Amino acid sequence: MRRRTAAVLVVVVAALATCQRPEPRPAPSPAPTGPRAPADVVDLAAVDPTVRTDIRYASAHNFVGRPIDGYPEPLCLLTRRAAEALRRVQAAALARGRSLKVYDCYRPQRAVNEFVAWAKQPQESQMKAEFYPDLPKDRLFADGYLGAPTAHSRASTLDLTLVPVPTPAQPGYTPGEPLLPCTAPAGRRFADDSIDMGTGFDCFDPRAHTADARITGVARANRELLKRLMSEEGFENYPREWWHYRFVDEPYPDTWFDFPVARSSLR
């Protein structure tokens with residue numbers, strides 16, 4: 001009888017211990033790895049969600065033909081100072097029936113390193129017919145279309161255009177589809193929703209120089225409008241690329257960052 005009673009007590013005590021055992025807690029989310037952005041680097045969408053984005057290096061539609069290292073998310077990251085200035089540019093553009101659209105903003109140093117490595121591989125030229133149809137690949141750095149290091153890595157430089165308001169739908173890019181030269185007239189190059197700027201984005205050709213004499217009429221006026229809007233808020237154009245602007249009062253003029261383009265990089 002005593003043995004039976006003791007056995008019952010052991011079972012009861014074990015059951016109570018089981019009931020009182022705390023539930024297992026979920027594993028904590030992994031902390032972000034790798035370098036982080038300074039505290040004053042922000043996602044442009046948090047400053048002005050009306051600016052449109054088409055972050056080409058997070059996709060396969062760029063001169064390399066694949067997503068670029070360091071772009072896990074299609075975001076426009078900028079120093080707050082540059083983002084606030086761009087918000088003012090957007091207000092002025094909207095007042096004229098236009099909207100800004102950004103193609104690239106902060107660019108990690110690892111992405112620049114990939115461009116350098118790619119430039120040394122002559123067999124990798126699958127996107128030549130669109131982005132540098134008339135230029136040998138080995139001239140891209142020498143002629144100033146690519147640079148290492150680049151002001152983009154200082155987080156106050158961006159590539160952008162203007163789009164109409166309301167903005168028409170933009171056809172998606174399908175890898176492997178026939179390529180159209182970026183130097184072709186509007187309507188015969190990639191159907192970007194940009195207003196006519198005379199060439200496509202990342203067009204490595206003298207016709208992409210902001211003041212190229214061959215760009216006249218509407219396209220010339222559109223380039224001048226973008227330049228005027230950006231200059232009024234403290235941005236300076238790179239003369240070889242109509243789309244490239246640097247915020248002159250940049251807070252990190254001598255620092256090239258390498259944190260990924262991702263929300264987890266922000267503080």
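Since the structure is predicted, the reported quantities are computational estimates derived from the model, not experimental observations.
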Problem - Shared hydrophobic cluster for Tyr238 and Leu226 (ILVMFWY, side-chain gaps under 4.5 Å) - result: no

Handout entry: Test item: Trp243 and Met197 side chains (from C-beta on) under 4.5 Å apart, heavy atoms
Key = no

Problem - Flag side-chain contact, heavy atom, 4.5 Å: Leu179 against Met127 - result: yes

Exercise for the section: Answer with yes or no whether the hydrophobic clustering places Val248 together with Val89; edges join I, L, V, M, F, W, Y residues whose side-chain heavy atoms lie under 4.5 Å apart. Expected result: no

Handout entry: Stepwise side-chain contact (heavy atoms from CB on, under 4.5 Å) check, Thr150 with Arg107
Key = CA-CA 8 Å; Thr150 174; Arg107 183 183 305 165; 4.1 Å; yes

Problem - Within 6.0 Å of CZ in Arg188, more than 12 heavy atoms from elsewhere - result: no

Problem - Full working for salt bridge (charged side-chain N to carboxylate O under 4.0 Å, His left out) between Arg81 and Asp249 - result: CA-CA 8 Å; Arg81 195 179 299 173; Asp249 190 24; 3.7 Å; yes

Handout entry: Side-chain donor-acceptor pair present, Glu241, Thr210, cut-off under 3.5 Å
Key = no

Exercise for the section: Would you indicate whether the side-chain heavy atoms of Leu77 and Leu44 approach each other to under 4.5 Å? Expected result: no

Exercise for the section: Answer yes or no: is there an ion pair linking Glu84 with Arg87, defined by an N-O contact shorter than 4.0 Å? Expected result: yes

Handout entry: Glu233 and Leu229, any side-chain heavy atoms less than 4.5 Å apart
Key = no

Practice task
For the pair His152 (side chain) and Cys105 (backbone), establish whether a donor and an acceptor sit closer than 3.5 Å, ignoring hydrogens and angles.
Solution key: yes

Handout entry: Side chain Thr167, main chain Pro164, donor-acceptor under 3.5 Å
Key = yes

Fill in the blank from the handout: Taking every heavy atom of Arg36 against every heavy atom of Leu266, the minimum-distance pair comes out as NH2-O, 2.9 Å

Practice task
Output yes when a side-chain donor or acceptor of Lys137 lies under 3.5 Å from a complementary backbone atom of Gln123, and no otherwise.
Solution key: no

Handout entry: ring-ring contact (aromatic ring centres under 6.0 Å, His included) between Tyr57 and Tyr103, worked out
Key = CA-CA 8 Å; Tyr57 300 143; Tyr103 294 112; 9.5 Å; no

Practice task
Report yes if the side chains of Leu78 and Leu86 come closer than 4.5 Å at any heavy-atom pair, otherwise no.
Solution key: yes

Exercise for the section: With the side chain counted from C-beta on, respond yes when His61 and Phe131 share a heavy-atom pair under 4.5 Å apart, and no when they do not. Expected result: yes

Practice task
Look only at the side chain of Asn62 and the backbone of Gly65, and say whether a donor-acceptor pair between them is shorter than 3.5 Å.
Solution key: yes

Practice task
Inspect the contact between Arg56 and Asp192 and indicate whether a charged nitrogen and a carboxylate oxygen are less than 4.0 angstrom apart.
Solution key: yes

Problem - Criterion side-chain contact (heavy atoms from CB on, under 4.5 Å) on Arg88 and Glu232, from CA distance to verdict - result: CA-CA 9 Å; Arg88 295 190 293 271; Glu232 287 173 354; over 6 Å; no

Handout entry: Residue pair Phe115 / Val64, side-chain heavy-atom distance below 4.5 Å
Key = yes

Handout entry: Ionic contact status for Asp54 with Lys101, cut-off 4.0 Å
Key = yes

Exercise for the section: List the atom of Pro260, the atom of Ser265, and the distance in Å for their closest heavy-atom pair. Expected result: O-OG, 2.7 Å

Problem - Side-chain (Arg267) to main-chain (Ala37) donor-acceptor, under 3.5 angstrom - result: yes

Handout entry: Same cluster (ILVMFWY, side-chain, under 4.5 Å), Leu146 and Val116
Key = yes

Practice task
Check the pair Thr79, Glu250 against side-chain hydrogen bond (donor to acceptor under 3.5 Å, both in side chains), reporting the backbone distance first and the verdict last.
Solution key: CA-CA 8 Å; Thr79 59; Glu250 57 181 316; over 6 Å; no

Practice task
Determine whether the aromatic ring centres of Phe190 and Phe201 lie less than 6.0 Å apart.
Solution key: no

Handout entry: Pairwise side-chain contact, Tyr132 with Cys203, heavy-atom cut-off 4.5 Å (strictly under)
Key = no

Fill in the blank from the handout: Closest non-hydrogen contact found for Ile55 with Val102 is CD1-O, 4.0 Å

Exercise for the section: Determine, for Arg228 against Glu224, whether the closest basic-nitrogen to carboxylate-oxygen distance falls under 4.0 angstrom. Expected result: no

Completion exercise
Between Val112 and Ala148, the two heavy atoms sitting closest are CG1-CB, 3.6 Å

Practice task
Starting from the C-alpha separation in whole Å, work towards a yes-or-no answer on salt bridge (charged side-chain N to carboxylate O under 4.0 Å, His left out) for Asp196 and Arg223.
Solution key: CA-CA 9 Å; Asp196 185 12; Arg223 288 186 184 188; over 6 Å; no

Problem - Lys227/Glu236 ion pair, N-O < 4.0 Å - result: no

Practice task
Would you confirm whether Arg220, through its side chain, and Ala211, through its main-chain N or O, come within 3.5 Å as a donor-acceptor pair?
Solution key: yes

Handout entry: Arg189 CZ: over 12 foreign heavy atoms closer than 6.0 Å
Key = yes

Completion exercise
In terms of heavy-atom contacts, Arg154 and Phe257 come closest through O-CE1, 4.1 Å

Problem - Closest contact, heavy atoms only, Asp69 versus Glu114 - result: N-OE1, 2.7 Å

Practice task
Would you check, one step at a time, whether the test side-chain contact (heavy atoms from CB on, under 4.5 Å) holds for Val41 with Tyr106?
Solution key: CA-CA 9 Å; Val41 170; Tyr106 159 72; 5.9 Å; no

Handout entry: In one Ile/Leu/Val/Met/Phe/Trp/Tyr side-chain cluster, 4.5 Å: Ile195, Leu100
Key = yes

Handout entry: Near-ring test Tyr145/Phe204, centroid separation under 6.0 angstrom
Key = yes

Exercise for the section: Report the C-alpha separation of Thr157 and Phe247 in whole Å, then their side-chain angles, then the decisive distance to 0.1 Å, and conclude whether the side-chain contact (heavy atoms from CB on, under 4.5 Å) test is met. Expected result: CA-CA 6 Å; Thr157 292; Phe247 187 58; over 6 Å; no

Practice task
Decide yes or no on salt bridge (charged side-chain N to carboxylate O under 4.0 Å, His left out) for Arg263 and Glu73, but give the supporting numbers first.
Solution key: CA-CA 8 Å; Arg263 290 179 180 86; Glu73 297 180 65; 2.4 Å; yes

Handout entry: Hydrophobic cluster membership, Val51 vs Trp242, 4.5 Å side-chain cutoff
Key = yes

Practice task
Can you spot which of Asp212, Asp134, Thr199 makes a side-chain hydrogen bond (donor to acceptor under 3.5 Å, both in side chains) with Arg207?
Solution key: Asp134

Problem - Check: Trp256 side chain, Gln109 main-chain N or O, donor-acceptor pair, under 3.5 Å - result: no

